[in-house]
Amino acid sequence: MIPPPALEIAVVVWGLVLLLAEAFMERANRRGFAIAAIAGLLAVLIASFFLRTTPGPATATGFWTFYTADPLAIFFKRFALVTTILVLVMAIDYAPMIRIGVPAATPQAGLGEFFTLPLFTCAGLMWMASAIDFIMIFVSLELVTMSFYVLVSFTRRNPVALEAGVKYLILSALATGFLVYGITWIFGVTGETNLARITSVIATQNVDHAPLLFGIVLVLVALGFKIAAVPFQIWVPDVYQGAPTPVTAFLSVGSKAAGFVVLLRVLGPFLMLPEVGRVLVGVTAATLIYGNFAALPQSNLKRLLGYSSIAHAGYLLIGVVAFSGAAVAYYLVAYLLMTLLSFAVLIVVGNSAGDQIEDYAGLAKRSPFLAFTMLIGMISLAGVPFTAGFLGKYFVFDAAIRQHQVALVVIGVITVGCGFYYYLKVVRAMYWLEPAADATPVHTSPLSRLTMSALVIAIIFFGVYPQPILNALSPELPVPRMVVR
Amino acid sequence: MLLFIVFAPIFAAILIMFDAPARLTALIGAAATTVAALVGLFLYRPVPGGFQFVNAFPISQSWRLSFSLGADGLSLMMIFLAALVLLCAVWFSPPVEKSERLFYACLLFLASGAIGAFASLDLFFFYAFHELALIPTFLLIGIWGSGNRFAAAWKVTIYLAVGSFILLIGLILLYRSVPPAMRSFDLRDLQVVASKGGIAPAAQNNIFLLLLIGFGVLISLFPFHTWAPEAYAAAPAPAAMLHAGVLKKFGLYGLLRVALPLVPAGAQHWRTLLVVLLLGNIIYVGLVTIAQKRLDWMLGYSSVMHMGYIFLGIASANLIGLNGAALLMFAHGLSIALLFAVAGEIRRRTGTLVFADLGALAKLMPFAGFAFGVGTFAAIGLPGFANFAGEILIFFGAFRVGADWQGFHLFQIATALALWGVVISAIYMLRAYRAIFMGPPGVRLRNWTEQPALTTTLRWPAVLLIIATVIVGFFPNTLIHLLGPAFPPALVENTR
């Protein structure tokens, strides 16, 4: 039996080993490092099924007061591992673009780092899933963000990537500032940084609510930046479009998922305050409306997926408002599968044609496999039954109805209609339109073919049989009681 | 048995995607489905006690969901309709110029979505199967459509997507308003709960309204009908046959199967609204239909208008009206499929469906003239066709609701107005027949020396549809005696 913290430690150590090896093995094929990184993560993923049980929050002392290994944490550790593996597979396909984008003497320069940096992000995401103390949350969030600073502007010959990097750096640093400031206020009022103890302090003692609310709103600003909720979403389209595509995929899935785990944990104590609930409903409504309506006119697929990730943050927030951990977790899994599938196709097509939607014209003729894969990805994002995306929306709406969030359900249904329009725009290009005269068949490597097929099967399997994911999360987080003042 | 019926078209579609000869595989798959559905109709015994041929595969214990198929007379009738129209649509398909395999696969998926919905005992899969047809519709209209096909495809897809999400919210609300211990998606369990009064009347009102709007969008209930004519005008003929003939019946089937038996108090509450809207379907859309100048648009509007009669039968909520509604669903599916098939052939040969450009086609295409004539008479509701049997039952059923022989109330007035719909449909159908098949040759036809008549291959499916509608027209009891167990006892008592 393995103690849970060993998983993160293994990932970090493996990352360091690969980084060192890369420095000393100048001639080795860099592709090998990606394969090695994937293999290491797979081993950790398997190890995560043989964990030792850990003390619960009631009896926790010492280390276990800021680190937990409850079902939610373990679930999201696996989630981070799977995401990173899939991103690395994409990164292999993306290698030619890195060669163009990085100025260097040797043809393989930069590739090694590009393949190993995601490991550190992954470790940060895994820590974040376990963090139940504000200090721990802050540190792991920084680890994730630091490695993303490098990854976003990795192709530094490309001015668009540089712009994306600068935007991400400045706004992310600002958000971090908000986070620290918010934590300080909360600590000042309650005298605690541990979430469980904060809960008991708020529930039992007579604390002043105004500064507490100020603190939690500042924390929400920082988390809103992570999950791309309106009004903290301005960076998303530019950064998503400019960053190397695998990094965009990683940002949109990994970073967002971690943000939502932290949000679920942090909100636990504070949802007892009715004001927080009202703020969240407002943010959710704004996110749904902005994300979906701003996506309508987009013509660049990467940018479209950026807006779509804002829209999906809105649906996820419905689950958060209804405080249904299962709905959020299921939606995130569905989101992982379909978003990474779309990005995988995007990389292959982007290498040979481009990222504009019109570059997909007639893809059904140039590569029926890719077109079908993208079709599944898009209809799952739109929410057609028998795909995971539909069940995700189903669970979210179900949770919202259970909590009588009528306004959010109404907005959700209207915005789903918008979603059908902009996702099917891609389908339209692939199936209705004729390919350009000079278009050639698109080549897909066996590894990405295998990955895409696995993702398609997973989307349909979980779309019909969600039970494995729901089981992995039981017992659910308790729904907090509202405090009536 | 039902498993075979539901998955035969899907299996055929997958075979086609893997390089099987497209048309042949689709024909065999559709024919096998039709034969199996017919066998099912013969094997079904109309005894009380619900569903037969049940297959159940549990999916989730925690929210009591299982993939369960089962059928009674009503669902078997609809399955048979879907299979028959699928067979005729595939048979009728003209040679496809681009991506032949995708075309047939889409047709098969469209039909299997409808069949799966009719065969599902579980509300979740009932809903999910219907949505399976959404993307094929989008592709069929977008790739092989005509006229303003892009706009039409968007419109139909977004309309149906939003409509079905409203429906989904209604279904979730239904699920949530059942006491926790008895929560289930299974129709049989829900029927038990509803018969014990397990759903609060206040909740029923909300649920029924959501279901009415959700299903109403899918059925093209006035004022949510504007997608239908446009989509059917743009769609290739086989897709229009399947969508107007079968898929649109999903919403009506849902009202008969879900809304009416499970939330009867809600149905009672919104009855007046439904009657007003359905008169919009019959009278307003009927008048709009008369004004149409193209056959495809006219057929699209006429199919919207005929939904009004079926709504009237459903709104009456007594055994006679419901039997009539079910029968008319079947009959209308056959007649509109026949009309769209002939319209598709006319378009293919002449390149136009504008009345002013056509004329005297009866001489050039005598069989098409005959088939269209039969379709016209069936659509008007002449005795001897299945539509007549359905409509007359609906009128009788609706007229007796609340009748006290002192004066006319809501339903008597509605029935009287709806009867004028028959006159309206006679006007536009006969005018269309005259404009296309009689009179002097139209502008577009004068230069054409010879129009090839329908080949034998194209005649058979038309003959099949005509035979089915005539048999049911003369012997409606063959279907009606199967329907009895489908309606809950509470509704049957309304009749006395």
Side-chain angles (χ1 to χ4, degrees), chain A residues 326 362 364-365 368-369 371-372 375-376 378-380 382-387 390-391 393-404 406 409-410 412-425 427-434 463-471 473-474 476, chain B residues 10 17 57-63 65 67 98-99 101-102 106 113 116-117 124-136 138-145 149-150 153-155 157-177 206 210 213-214:
Chain A
K365 293 220 174 62
F369 172 78
F372 178 74
L375 173 72
I376 297 289
M378 287 297 141
I379 66 173
S380 181
V384 173
F386 295 112
T387 61
F390 168 73
L391 265 188
K393 288 206 170 66
Y394 169 84
F395 285 132
V396 162
F397 284 140
D398 183 42
I401 287 176
R402 213 164 32 191
Q403 301 286 326
H404 305 291
V406 179
V409 172
V410 171
V413 168
I414 294 170
T415 50
V416 163
C418 301
F420 268 88
Y421 173 75
Y422 58 81
Y423 292 123
L424 289 185
K425 234 162 60 167
V427 176
R428 179 189 88 115
M430 293 189 304
Y431 282 93
W432 293 5
L433 304 181
E434 291 298 319
V464 179
Y465 192 70
Q467 206 56 28
I469 298 173
L470 300 179
N471 285 346
L473 266 174
S474 56
E476 256 208 77
Chain B
I10 296 182
M17 293 316 271
F57 307 93
I59 298 276
S60 162
Q61 290 298 320
S62 52
W63 29 299
L65 175 67
F67 176 62
K98 45 184 180 184
S99 343
R101 285 188 285 141
L102 190 62
C106 281
F124 186 84
F125 283 95
F126 162 79
Y127 174 86
F129 265 114
H130 170 258
E131 288 282 278
L132 192 61
L134 194 64
I135 299 302
F138 180 75
L139 292 178
L140 277 169
I141 298 180
I143 304 179
W144 297 280
R149 62 181 209 252
F150 293 154
W154 281 128
K155 198 167 175 181
T157 312
I158 292 172
Y159 243 108
L160 295 189
V162 172
S164 44
F165 264 88
I166 295 174
L167 171 61
L168 179 69
I169 302 299
L171 292 179
I172 295 178
L173 210 57
L174 175 64
Y175 176 73
R176 284 284 158 208
S177 56
N206 296 338
L210 282 169
I213 296 176

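Chain naming here is simple, since letters A, B, ... match the order of the sequence lines and numbering starts at 1 in each.
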Which value, rounded to the nearest 0.5 Å, describes the distance between [X] atom [atom1] and [Y] atom [atom2]?
| X | Y | atom1 | atom2 | answer |
| --- | --- | --- | --- | --- |
| A/T415 | B/F165 | OG1 | CZ | 9.5 Å |
| A/Y431 | B/I143 | OH | CD1 | 8.0 Å |
| A/K365 | B/L102 | NZ | CG | 9.5 Å |
| A/F397 | B/L171 | CZ | CG | 13.5 Å |
| A/L424 | B/L134 | CG | CG | 7.5 Å |
| B/Y175 | A/R402 | OH | CZ | 9.0 Å |

Between [X] and chain B, with a heavy-atom cut-off of 4.5 Å, which part of the residue counts as in contact: side chain, backbone, both or neither?
| X | result |
| --- | --- |
| A/I379 | side chain |
| A/F390 | side chain |
| A/K393 | side chain |

Is [X] in contact with chain A via its backbone, its side chain, both, or neither, using a 4.5 Å heavy-atom distance?
| X | result |
| --- | --- |
| B/L132 | side chain |
| B/F129 | both |
| B/I169 | both |
| B/L168 | side chain |
| B/F67 | neither |
| B/I166 | both |

Closest heavy-atom contact between [X] and [Y]?
| X | Y | value |
| --- | --- | --- |
| A/P385 | B/Y127 | CG-CE2, 4.0 Å |
| A/D398 | B/R176 | OD2-NH2, 2.7 Å |
| B/W154 | A/R428 | CZ2-CD, 3.6 Å |
| A/W432 | B/A153 | CH2-CB, 3.3 Å |

- [ ] Quick one: which residue pairs count as a salt bridge (Lys or Arg N to Asp or Glu O under 4.0 Å) with a foot in residues 158-173 of chain B, not counting sequence neighbours?
- [x]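 Residue pairs passing salt bridge (Lys or Arg N to Asp or Glu O under 4.0 Å), neighbours aside: none found.
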
Open item on the list: Quick one, A/Y394 and B/F124 - any side-chain contact, counting heavy atoms below 4.5 Å?
Closed with: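 Answer yes - side chains close enough.
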
- [ ] Would you indicate whether the side-chain heavy atoms of B/I172 and A/V409 approach each other to under 4.5 Å?
- [x]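 The answer is no; the side chains never approach within 4.5 Å.
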
Open item on the list: Can you list everything that forms a salt bridge (charged side-chain N to carboxylate O under 4.0 Å, His left out) with B/R101? Sequence neighbours excluded, please.
Closed with: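 Applying salt bridge (charged side-chain N to carboxylate O under 4.0 Å, His left out) to B/R101 gives B/D19.
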
Open item on the list: Taking atom CZ as the centre, does B/F126 end up with more than 12 heavy-atom neighbours from other residues, nucleotides or ligands that are less than 6.0 angstrom away?
Closed with: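 Atom CZ in B/F126 is packed in, count exceeds 12.
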
Task: When A/V410, A/I414, A/V416, A/V384 are compared by non-hydrogen pairs under 4.5 Å with chain B, the top option - done: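 Top count of heavy-atom pairs under 4.5 Å with chain B: A/V416.
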
Task: Geometric class of the A/F386/B/F125 ring pair [parallel <30°, tilted 30-60°, perpendicular >60°] - done: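 Tilted: the ring planes of B/F125 and A/F386 meet at 30° to 60°.
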
